[in-house]
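To start, the structure itself, in structure tokens.
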Amino acid sequence: IFNFGILGFILFYLPYIIISFYLLYVIIKNVKRVNVTVLLAGLSILFTFAMSLLVNYTFFFSTLAMLFACSILIILKRCKQ
């Protein structure tokens with residue numbers, strides 16, 4: 001996890017942590033609009049983030065980055081309708 005040092009670790013994962021907290025805020029704010037699709041997209045983001053912490057290079061792969069981005073868009077689109 002700490003291949004780049006503590007500062008590099010914080011700088012690398014800080015945008016993903018901020019996005020995760022923002023999505024959690026949007027979900028809690030619009031809890032009546034949450035359905036199974038939003039929950040599965042949230043689990044997808046959680047598993048993607050956990051896998052990147054374990055493997056430490058998965059966000060560099062375009063496939064996983066696209067999965068992460070699509071999950072974020074699904075949550076934002078469904079909750080803000």
Side-chain angles (χ1 to χ4, degrees):
I1 292 177
F2 297 106
N3 287 341
F4 302 111
I6 294 174
L7 183 62
F9 175 79
I10 291 171
L11 288 176
F12 184 75
Y13 285 107
L14 189 63
Y16 302 110
I17 292 171
I18 290 172
I19 289 170
S20 299
F21 279 125
Y22 176 71
L23 290 176
L24 185 64
Y25 169 74
V26 168
I27 289 172
I28 290 172
K29 183 178 169 188
N30 301 315
V31 73
K32 292 182 180 178
R33 296 182 186 163
V34 174
N35 56 13
V36 176
T37 306
V38 172
L39 292 177
L40 289 177
L43 281 175
S44 171
I45 290 172
L46 180 71
F47 289 143
T48 304
F49 190 69
M51 192 171 19
S52 74
L53 284 175
L54 292 174
V55 180
N56 198 21
Y57 60 87
T58 55
F59 279 126
F60 295 128
F61 292 131
S62 61
T63 307
L64 203 57
M66 289 298 290
L67 174 70
F68 193 71
C70 289
S71 300
I72 290 171
L73 289 175
I74 287 171
I75 290 176
L76 289 177
K77 184 179 177 184
R78 296 281 178 158
C79 286
K80 289 195 173 191
Q81 284 181 348

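Fair warning: this is a prediction, and the values are worked out from it, not measured in the lab.
In terms of hydrophobic clustering, with Ile, Leu, Val, Met, Phe, Trp and Tyr side chains grouped at heavy-atom distances under 4.5 Å, Ile19 and Val26 are assigned to a common cluster. Grouping the Ile, Leu, Val, Met, Phe, Trp and Tyr side chains by contacts below 4.5 angstrom, directly or via other members, places Ile17 with Ile27.
Separation of atoms CG (Leu46) and CG (Leu23) is listed at 12.0 Å; rounding is to 0.5 Å.
For the pair Ile45/Ile75, a side-chain contact is recorded, criterion being any heavy-atom separation below 4.5 Å from C-beta on. Considering only heavy atoms from C-beta on, Tyr22 stays 4.5 Å or farther from Ile72 through its side chain. Between Val36 and Leu39 there is no side-chain heavy-atom pair separated by less than 4.5 Å.
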